[in-house]
Amino acid sequence: MSDDEADPELLALLRQHLQGKPPINNDPETGVLESAEYVYNNSIDVALDMRASKAAATAIYSQMQQKAYSPATWSEHDLHPKAEGGPDTVAFIFTMDLLNFCFWSELSEEKRFAIEYRGKRWTGYWSLVAALQRALDEVYLKFRRLIIFIFYIKGIPITDPHFWQNEDEFTLNVLRNVFRSCTDEEIPLLKERLDCLREAGNVLYDKYKCHPVNLIAAADGSAARLVNLLARDFSCFRDEHGFDGRKKPIRLLKRAQILVADLWACFEGEDFGDFWDIDKITMFADYRVPQMLNSMGCLLYSPPLDSAIRSKKNIPSGSNWELQLRACSIWCVELIRREILTEHPEAEINAILIDFFLYDTIKEMELNGQDKILHHRTRSIWY
Ligand SMILES: Nc1nc2c(c(CN[C@H]3C=C[C@H](O)[C@@H]3O)cn2[C@@H]2O[C@H](COP(=O)(O)O)[C@@H](O)[C@H]2O)c(=O)[nH]1
């Protein structure tokens, strides 16, 4: 290269710097997409149907346009906290995504675990949000009554890491009361949920001045860096698994990623939701979106796996089948995202919004009794 030609790498660094973004070589990656592609390339029980995925991209894009899907859609859900709450909303979302796992039940709709709140019966993910809101309401209502009464009524500060650390006050029975059901079934994995809160309380106290806003600050505006901090510092967010003897763990990091996505959506990309690399976040590998992708013909199962899912067999957490289901779902949504942006380069769409749309759609289908295709059944704290 002659002396007067600028080094392209330096030029790119300069451009990044001028745009106010960290230099390229500091760009953090989460490793989730790389993991998903590796598992997809080495899967024998789950495959993707390219023709169906292409058709799904067209259908998803047009329906998302019709429904004007955007980060603002998140706050339209009655139970979700609002951006006006600032740090209290951050604390709520952190608590919610710390516990955002494993709600499926073997029992009927009438007998499954459910939370009664604001005159309605909430199940699944919404039972979690309702239980947290109810605990805070109880605190709020009690303070209101305080003005009338002279004695102090202590509620349950369920989003406060100081409380999570207090083994005398915050016991399994207290958490059982937060998640008290209007049926005879208890929330799945209650003890594991207490362990997650306890660990998170200790880590936030030790490293982040006991509030998740300081964790967001440490990520310095990067979504990927925040995901990596969560996976590094909290074992209960470290959703990593061995696969086929590969040296590097397969990183799926579902709850770390959905936490970042929920912050981004709730604050609509501003304030505590402002991440310059938000599009690095992938689909969240749970049990609902694979179900939706399978019902659209995008995700195909081998006969043994298909039969296991249809006969509601438990598929162990970290098993080969389970990793194929989760990772191929991430890769499928990535291909759908690329297809949409190829057809519509101007579309303001990312894997998060596609995922939110697919989740909400399968929930609507379930409500209308259309969810004939079953989801896989794994009990774990990862999703
Ligand atoms: N991939 C993906 N997984 C999601 C969600 C959500 C809720 N997100 C809300 C926020 C914005 C969206 O618009 C939604 O309104 C929960 N889950 C997961 O599903 C499971 C619960 O299922 P069920 O028992 O049927 O409620 C459980 O693993 C939970 O972690 C999502 O969005 N994407």
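Both ligands and their constituent atoms are indexed starting at 1 by order of listing. Not measured: the values here are computed from a predicted model.
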Legend entry - Electrostatic pair R251:E240 at N-O distance under 4.0 angstrom: yes
Inset, instruction - Looking only at protein heavy atoms, identify the closest one to atom 19 (O) of ligand 1 and say how far it is in Å. - result: D286 OD2, 3.2 Å
Legend entry - N or O pair under 3.5 Å between R112 and ligand 1: no
Inset, instruction - Considering the heavy atoms of R288, write down every atom of ligand 1 situated less than 4.0 Å from one of them. - result: 19 (O), 22 (O), 23 (P), 25 (O)
Inset, instruction - Using distance alone, determine whether D262 and ligand 1 share an N or O pair under 3.5 Å. - result: no
Inset, instruction - Answer yes or no: does an N/O atom from Y287 fall short of 3.5 Å to an N/O atom of ligand 1? - result: yes
Legend entry - Check ion pair K280-E34 (N to O, under 4.0 angstrom): no
Inset, instruction - Would you kindly specify which portion of K254 sits under 4.0 Å from ligand 1, judged on non-hydrogen atoms: side chain, backbone, both or neither? - result: side chain
Legend entry - ligand 1 contact by W126, heavy-atom criterion under 4.0 angstrom: yes
Legend entry - R255 and ligand 1 - part of the residue with a heavy-atom distance under 4.0 Å: neither
Inset, instruction - With side-chain hydrogen bond (donor to acceptor under 3.5 Å, both in side chains) as the test, would you mind laying out the steps for D279 and N350 before giving the verdict? - result: CA-CA 6 Å; D279 291 348; N350 57 23; 3.2 Å; yes
Legend entry - Contact (N/O only, under 3.5 Å) between E366 and ligand 1: no
Inset, instruction - For W74 and ligand 1, answer yes if some heavy atom of the residue is under 4.0 Å from a ligand atom, otherwise no. - result: yes
Legend entry - Contact check, side chains of P249 and H241, non-hydrogen atoms, under 4.5 Å: no
Inset, instruction - Indicate yes or no: does E339 engage R51 in a salt bridge with an N to O separation below 4.0 Å. - result: no
Inset, instruction - Report whether Y205 and L197 are members of the same hydrophobic cluster (ILVMFWY, side-chain heavy atoms less than 4.5 Å apart, transitive linking). - result: no
Inset, instruction - Would you check whether H80 reaches within less than 4.0 Å of ligand 1, judged by its heavy atoms? - result: yes
Inset, instruction - Quick one: look at V289 and ligand 1, take heavy-atom pairs under 4.0 Å, and tell me if it's side chain, backbone, both or neither. - result: side chain
Inset, instruction - Consider only side-chain heavy atoms of I, L, V, M, F, W and Y, link residues closer than 4.5 Å, and tell whether L189 and L107 are in one cluster. - result: no
Inset, instruction - Could you find the nearest protein heavy atom to atom 15 (O) of ligand 1 and give me its residue, atom name and distance? - result: D360 OD1, 3.0 Å
Inset, instruction - Quick one: look up the protein heavy atom nearest atom 4 (C) of ligand 1 and list residue, atom name and how far away it is. - result: Y359 CD1, 3.6 Å
Legend entry - ligand 1 to W104 polar contact by distance, N or O atoms, under 3.5 Å: no
Legend entry - Closest to atom 26 (O) of ligand 1 among Y125, F284, F356, F101 (heavy-atom distance): Y125
